*Asks:* 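Quick one: structure below, then a few questions.
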Amino acid sequence: MKLPIVAIIGRPNVGKSTLVNRLAREKSAIVYDEPGVTRDRTYLPAFWNDREFLVVDTGGLVFNDDTEFLPLIRQQVMAALSEASAAILVVDGTTGPTVADEEIAAWLRQQPVPVLLAVNKCESPQQGLIQAAEFWKLGLGEPFPISAIHGNGTGELLDALIAYLPPVAEVPETHEISVAIVGRPNVGKSSLLNALAGEERAIVSPISGTTRDAIDTIVERNGQTYRLIDTAGIRKKKNVEYGPEFFSINRAFKAIRRADVVLLVIDALDGVTEQDQKLAGRVLEEGRACVVVVNKWDAVEKDPYTIYDYQKHLQERLHFTEWAETIFVSALTGQRVEKILKLVNQAAEEHKRRVSTSVINEVLEEATRWHSPPVSRSGKQGKIYYGTQVSTQPPTIALFVNEAKRFNDNYRRYIERQFRQQLGFKGTPIRFLWRSKKAREVENVKVNRAARVS
């Protein structure tokens, strides 16, 4: 569904991210006692009564200050408001109205979007009413005293909010593909997101660590909806201190887990590093479909053999994800960026593909005819009785054999190669479950299956 959007706005450290987590009923937005932790727009699903919506966490809004990331954060806040059905201005009840609150309120009064005023950190119901009363002067209507940490008052705030949101029955249905953009710091993930989205969706800076949250962006192309998730650059564990970056990396790993397809972004100038290999291993471990995106290709000096040499380099360094498609792009110039989504579609389709048991067993029969299962030192040969697909995303195939330990790694890789040659599965890992089963049990299964068919 293309859900309505609610933008959460306010100056730094008033508890915006805590309120977002409360409304979304999960701890996804990074909450840390340091101004400027949230920089981009972070989208999370939420609901109240019969309404579903996306709540958008934004960076702390500061006017009249152009230091560091503040101008870029203002740009992100304005972009969030431009697509919102309603906005919630969060203020701090313990400090009372500040000059910064008054500046933001004056700006919001000029916007066409309805605005609700949430006075946060009102832990005491009685004292909260007194604290909230001070904010009538902002001219945004009734101030709602709330505690984002404990949930006090958020029900009343949401009751007022849903008056501006359409019922679920009126929200159009969409079928989206979730795409996580992952990689080391400064490989161009945010630039790639902006190129795909066609707007300045994420803050782009040469400073490592600019992106901190996993940022969701909805993009539509040719009737297909994509949820693009930009993530923090993932450094070596030993270089990461506890704090915002620690939480950011955890969000990035969660983004891989909830994605249908992962774009593994490689810096063309650096080549495949040890950290890139670990990230590829994480994608494989999570069973996600994958497209390897070699970015900054415009900056590479080329001759007729460059691309072939680079492909060989990728095969050597990322051999365990050789099933993934590779594309060479430039997020800066837009070179081949639009072709990425075509590869995403193919990978997503293969990731959820299901193959009939009869076809699987035809592949197994031909594979074992060309290369018989290994024989143990005692002269006992491995035997594959039959196979069947047991799940998708990723495609998972159970192979029933006489004794699983008789099949060494070389033969297991041979079987996977045969499946890929015969059936494709380009862009997705395949999982094989080798199950030991006695011959008598196999015969019973075949008899029961034949009985059901007849």
Side-chain angles (χ1 to χ4, degrees), residues 5-48 53-62 69-70 73 76-77 80-81 84 86-98 100-101 104-105 108 115-125 127-129 131-132 134-135 138 140 143-162 211-216 232 242-252 254-255:
I5 292 169
V6 177
I8 308 299
I9 294 172
R11 60 183 175 83
N13 268 28
V14 293
K16 298 184 298 298
S17 296
T18 305
L19 180 60
V20 166
N21 287 339
R22 170 64 58 181
L23 299 184
R25 305 187 186 192
E26 60 174 283
K27 293 183 178 179
S28 288
I30 297 176
V31 178
Y32 192 73
D33 189 16
E34 177 186 305
V37 170
T38 301
R39 293 174 178 173
D40 299 287
R41 312 192 313 265
T42 304
Y43 294 67
L44 294 173
F47 67 91
W48 186 252
F53 55 97
L54 291 175
V55 59
V56 187
D57 192 16
T58 61
L61 185 57
V62 178
F69 295 105
L70 294 178
I73 290 174
Q76 293 298 308
V77 174
L81 194 66
I88 298 174
L89 173 60
V90 183
V91 294
D92 187 338
T94 62
T95 64
T98 67
D101 293 328
I104 296 171
L108 287 173
V115 180
L116 297 173
L117 180 57
V119 184
N120 193 25
K121 305 183 185 180
C122 295
E123 271 51 73
S124 166
Q127 187 65 25
L129 291 171
Q131 292 172 312
E134 297 183 56
F135 288 89
L138 296 184
L140 293 173
F144 291 87
I146 68 165
S147 170
I149 290 179
H150 300 107
N152 303 345
T154 53
E156 290 78 2
L157 176 66
L158 288 167
D159 285 341
L161 171 68
I162 62 174
T211 300
R212 287 180 167 177
D213 267 309
I215 307 161
D216 288 23
Y242 183 80
E245 186 180 7
F246 172 83
F247 296 118
S248 299
I249 290 173
N250 282 340
R251 298 288 187 275
K254 285 183 179 180

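Not measured: the values here are computed from a predicted model. The analysis underlying the following values was restricted to heavy atoms, covering all of them including side chains, and did not include hydrogens, waters or symmetry mates.
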*Asks:* Would you say that T95 contacts K121 through its side chain, given a criterion of any heavy-atom pair below 4.5 Å between the two side chains?
*Replies:* no
*Asks:* Quick one: closest heavy-atom pair of V119 and P143, and the distance?
*Replies:* CG2-CB, 3.7 Å
*Asks:* Do any N or O atoms from the side chain of R22 and from the backbone of I149 form a donor-acceptor pair under 3.5 angstrom?
*Replies:* yes
*Asks:* Ignoring hydrogens, what is the shortest heavy-atom contact between F135 and G93? Give both atom names and the distance.
*Replies:* CE1-CA, 4.1 Å
*Asks:* Which heavy atom in W48 sits nearest to a heavy atom in F53, and how many Å separate them?
*Replies:* N-CE2, 4.1 Å
*Asks:* Rounded to the nearest 0.5 Å, how far apart are CG of L61 and CG of L108?
*Replies:* 8.0 Å
*Asks:* Rounded to the nearest 0.5 Å, how far apart are NZ of K16 and CG of N21?
*Replies:* 12.5 Å
*Asks:* Starting at CD1 of I9, measure out to CG of D57 and round the result to the nearest 0.5 Å.
*Replies:* 11.0 Å
*Asks:* Let me check something: any side-chain donor-acceptor pairs from residues 150-158 under 3.5 Å, sequence neighbours excluded? List them with distances.
*Replies:*
| from | atom 1 | to | atom 2 | distance (Å) |
| --- | --- | --- | --- | --- |
| H150 | ND1 | S147 | OG | 3.2 |
| N152 | ND2 | E123 | O | 3.3 |
| T154 | OG1 | G151 | O | 2.7 |

*Asks:* For a quick test of reading the model, state the closest non-hydrogen atom pair linking I5 to V56 and the distance between them.
*Replies:* CG2-CG2, 3.2 Å
*Asks:* For R11 versus A100, what's the shortest heavy-atom pair and its separation?
*Replies:* CD-CB, 3.8 Å
*Asks:* Testing V20, L161, L54, L23 for side chain to side chain contact (heavy atoms under 4.5 Å, CB included) with V6, which one passes?
*Replies:* L161
*Asks:* Can you tell me how far the CG atom of L19 sits from the CD1 atom of I88, to the nearest 0.5 Å?
*Replies:* 6.0 Å
*Asks:* For the pair N120 (side chain) and V14 (backbone), establish whether a donor and an acceptor sit closer than 3.5 Å, ignoring hydrogens and angles.
*Replies:* yes
*Asks:* Do the side-chain N and O atoms of T98 and D101 include a donor-acceptor pair separated by under 3.5 angstrom?
*Replies:* yes
*Asks:* Do you know which two heavy atoms are closest between G15 and A148, and how far apart they sit?
*Replies:* O-CB, 4.4 Å
